[in-house]
Amino acid sequence: MHKINFCSGPAVLPPTVYNKAIEAIQNFDHTDQSILELSHRSSSIVSMIQETKLLVKELLAISDEYDVLFLHGGASMQFCMIPMNFLSTSTKAYYTLTGQWASNAFHEAQLLGNADALCSSADSNYNYLPSLQQAYTLDNSAYVHFTSNNTIYGTQWKSYPSFNCPIIVDMSSDLFSKKINVHQFDLIYAGAQKNIGIAGVCMVIIKKSLLEKQNKLIPTMLNYNTHLLHESSFNTPPVFAIYTCNLNLKWLKSIGGVQEIEKINQMKAQLLYAEIERNSLFDCTVAKPEDRSLMNVTFVAKNKEIEIAFKDFCKKNNIVSIDGYRTVGGFRASIYNAMPLQDVQLFVEIMKSFESKI
């Protein structure tokens, strides 16, 4: 029987991506060679990487003011690369602390320079988003950092204030899930294993003028200019991981792009949140609807006995990776782009069936 996988990452991918990835492992681009063995300098791989970059720019309507990079190290490598490139001894970076990954990014910045919290929801285990002004003027500011969607705690920024400094956003779990105005931001980064592809590559969308703010010596591999000048191939790039991004973005384009997937994602989230609120056995962990993530739906059972019983019921019904993160408990249903609407509908029916048996 088909398993419904609610894993927060690595996440499910469309069947066409799996099938074409298998073909590429056997014979990529009619070369009679596997994509796993082809040189990253070969014309087939260089063309594929360039095509992937163009797909990103097309799907997100990105101007030539920006470039797209594919880097090693996942999103976590960006936690140190960003302050290393843009935080000087005379400036300060501001971080919005809305979850574990935002806090990890803040910690790395503190190791490398002067960083301060613009706001925090740590006082309530990150189960809400702090209120922000419409506009900020920050003294000696290098940049402001957001984490757009908090996979562990189930919150998501829907809009952003204006600032007198660059805005940098970790969009690892919601990039390509909804329409955004890329030009509001100076740097966007995202680990691929949620909505974009598989683990092993981090996508960076960077405004070229931001690089003019570099004013210190930076290790070669951690310098954005290095990767910009060498088209993401200064050293051997994660070719297969980039290719899965390529396939996934082609799938997204084929179904109508970001505009269409946003409608589907909203339907999935609304359906699941409505059932959690209706069901007498569960509660949402994020009280304010406006703060709730469209990607990671977090909820808890009314008591421990119900929690244990529901986990067992899910297992028997081929629902996998539904456990909440250890700091939250309960349940987390990650409903990224490739999660079909019908799978969410089936899960809702399972929740209703469980309620009727208790």
Q.
Could you check whether atom CZ of Arg41 has more than 12 heavy atoms from other residues, nucleotides or ligands sitting under 6.0 Å from it?
A. yes

Fill in: Backbone N/O of Gly197 and side chain of Thr244: donor-acceptor pair under 3.5 Å
no

Ile62 and Val56 have their tightest heavy-atom pair at CD1-O, 3.9 Å

Does the distance from a Lys or Arg side-chain N to an Asp or Glu carboxylate O, for Glu349 and Lys352, drop under 4.0 Å? yes

- Item | Side-chain donor or acceptor of Arg332 paired with backbone N/O of Thr151 under 3.5 Å | yes

Residues 25-54 vs ring-ring contact (aromatic ring centres under 6.0 Å, His included), sequence neighbours excluded, gives Phe28-Tyr243

How about CG on Leu217, more than 12 heavy atoms from neighbouring residues, nucleotides or ligands closer than 6.0 Å, or not? no

query: Do Ser334 and Ser8 have side-chain N/O donor and acceptor atoms under 3.5 Å apart?
result: no

In short, ring-ring contact (aromatic ring centres under 6.0 Å, His included) pairs touching residues 166-191 with sequence neighbours left out are Tyr66-His183, His145-Tyr189, Tyr160-Phe185

Please answer whether the main-chain N or O of Leu138 pairs with a side-chain N or O of Asn164 as donor and acceptor at a distance below 3.5 Å.
yes

For this session: Let me see the working for Asn223 and Met84 under side-chain contact (heavy atoms from CB on, under 4.5 Å), right down to the final yes or no.
Result: CA-CA 8 Å; Asn223 190 325; Met84 195 171 287; over 6 Å; no

Salt bridge (charged side-chain N to carboxylate O under 4.0 Å, His left out) filter on Lys302, not counting sequence neighbours, yields Asp283

Taking atom types as modelled and ignoring hydrogens, do the side chains of Ser90 and Ser88 form a donor-acceptor contact shorter than 3.5 angstrom? yes

Should we say atom CH2 of Trp157 is surrounded by more than 12 heavy atoms from elsewhere, each under 6.0 Å from it?
yes

* Asked: Taking it one step at a time, do Leu341 and Gln345 satisfy side-chain contact (heavy atoms from CB on, under 4.5 Å)?
  -> CA-CA 6 Å; Leu341 175 60; Gln345 291 170 331; 3.9 Å; yes

Side-chain donor/acceptor of Ser141 to backbone N/O of Tyr143, under 3.5 Å | no

* Close side-chain approach of Lys268 and Ile264, heavy atoms under 4.5 Å -> yes

With distance as the sole criterion, is a donor-acceptor pair present between the side chains of Tyr336 and Asn296 under 3.5 Å?
-> yes

Tightest non-hydrogen contact, residues Ala338 and Val12, listed as CB-O, 3.4 Å

Residues 337-358 vs ring-ring contact (aromatic ring centres under 6.0 Å, His included), sequence neighbours excluded, gives Phe6-Phe347, Phe310-Phe354, Phe313-Phe354

**Study point:** Thr147 side-chain N/O to Asn149 backbone N/O, donor-acceptor pair under 3.5 Å
**Key:** no

*More than 12 foreign heavy atoms under 6.0 Å from NZ of Lys57: is that the case here?*
yes

Hits for side-chain contact (heavy atoms from CB on, under 4.5 Å) against Pro340, two or more places apart or cross-chain, chain-then-number order -> Gln342, Asp343

Q | Steps toward side chain to side chain donor-acceptor pair (under 3.5 Å) verdict (Glu262, Ser177) | A | CA-CA 6 Å; Glu262 181 176 16; Ser177 71; over 6 Å; no

With sequence neighbours left out, the residues meeting side-chain hydrogen bond (donor to acceptor under 3.5 Å, both in side chains) with Asp170 are Ser172

In a table with atom names and distances, give each donor-acceptor pair under 3.5 Å that connects a side chain of residues 102-115 to protein atoms at least two apart or in another chain.
{"unit_1": "Ser103", "atom_1": "OG", "unit_2": "Gly99", "atom_2": "O", "d": "2.9"}
{"unit_1": "Ser103", "atom_1": "OG", "unit_2": "Tyr126", "atom_2": "OH", "d": "3.0"}
{"unit_1": "Asn104", "atom_1": "OD1", "unit_2": "Gln100", "atom_2": "NE2", "d": "2.8"}

| Step by step, would you call Tyr128 with Thr155 a side-chain contact (heavy atoms from CB on, under 4.5 Å)? | CA-CA 7 Å; Tyr128 72 97; Thr155 61; 5.7 Å; no

Check your understanding: What do you reckon, is NZ of Lys357 surrounded by more than 12 foreign heavy atoms closer than 6.0 Å?
Key -> no

Those residues at least two apart in sequence (or on a different chain) that pass side-chain contact (heavy atoms from CB on, under 4.5 Å) with Lys315 are none

Original post:
Is it true that Glu260 and Lys178 make a salt bridge, defined as a side-chain N closer than 4.0 Å to a carboxylate O?
Top reply: no

Donor-acceptor pairs under 3.5 Å, side chain of residues 248-256 to any protein atom, not counting sequence neighbours: which ones?
{"unit_1": "Asn248", "atom_1": "ND2", "unit_2": "Asn195", "atom_2": "O", "d": "2.8"}
{"unit_1": "Asn248", "atom_1": "ND2", "unit_2": "Ile196", "atom_2": "O", "d": "3.1"}
{"unit_1": "Lys250", "atom_1": "NZ", "unit_2": "Glu51", "atom_2": "OE1", "d": "3.2"}
{"unit_1": "Lys250", "atom_1": "NZ", "unit_2": "Asn246", "atom_2": "OD1", "d": "3.3"}
{"unit_1": "Lys253", "atom_1": "NZ", "unit_2": "Glu58", "atom_2": "OE1", "d": "3.2"}
{"unit_1": "Lys253", "atom_1": "NZ", "unit_2": "Glu58", "atom_2": "OE2", "d": "3.1"}
{"unit_1": "Ser254", "atom_1": "OG", "unit_2": "Trp251", "atom_2": "O", "d": "2.6"}

### Query
Counting only N and O atoms by type, is there a donor-acceptor contact under 3.5 Å from the side chain of Glu275 to the main-chain atoms of Met351?
no

Is any side-chain heavy atom of Lys3 closer than 4.5 Å to one of Val320?
yes

key: Main-chain N/O of Cys119 paired to Thr96 side chain as donor or acceptor, under 3.5 Å   = no

Across all chains, not counting sequence neighbours, the ring-ring contact (aromatic ring centres under 6.0 Å, His included) partners of Phe234 are His230

*Do other residues, nucleotides or ligands put more than 12 heavy atoms under 6.0 Å from Lys311 NZ?*
yes

Residues Val300 and Gly330: closest non-hydrogen pair is CG1-CA, 4.0 Å

Asn150 side chain vs Ile152 backbone, donor-acceptor pair below 3.5 Å
no

Value for CG (Asn27) from CD1 (Ile35), rounded to nearest 0.5 Å, stands at 11.0 Å

Margin query: Does either side chain, that of Gln156 or that of Asp291, offer a donor lying less than 3.5 Å from an acceptor on the other one?
Written below: no

Residue pairs passing the ring-ring contact (aromatic ring centres under 6.0 Å, His included) test with at least one member in residues 198-228, sequence neighbours excluded, are Phe86-Tyr224

- Hey, does the side chain of Lys53 reach the backbone of Glu231 with a donor-acceptor pair shorter than 3.5 angstrom? no

Could you check whether atom CD of Glu37 has more than 12 heavy atoms from other residues, nucleotides or ligands sitting under 6.0 Å from it? yes

Next item on the list: Classify the side-chain pair Ser63/Glu65 by whether it contains a donor and acceptor separated by less than 3.5 Å.
Entry: yes

Check your understanding: Checking Thr91 side chain against Leu87 main chain: does a donor-acceptor pair fall under 3.5 Å?
Key -> no

Cut-off 3.5 Å, no hydrogens considered: what does the side-chain donor-acceptor table look like for residues 203-212, sequence neighbours left out?
{"unit_1": "Lys208", "atom_1": "NZ", "unit_2": "Asp64", "atom_2": "O", "d": "3.0"}

Any side-chain heavy atom of Leu71 sitting closer than 4.5 Å to one from Val201?
-> no

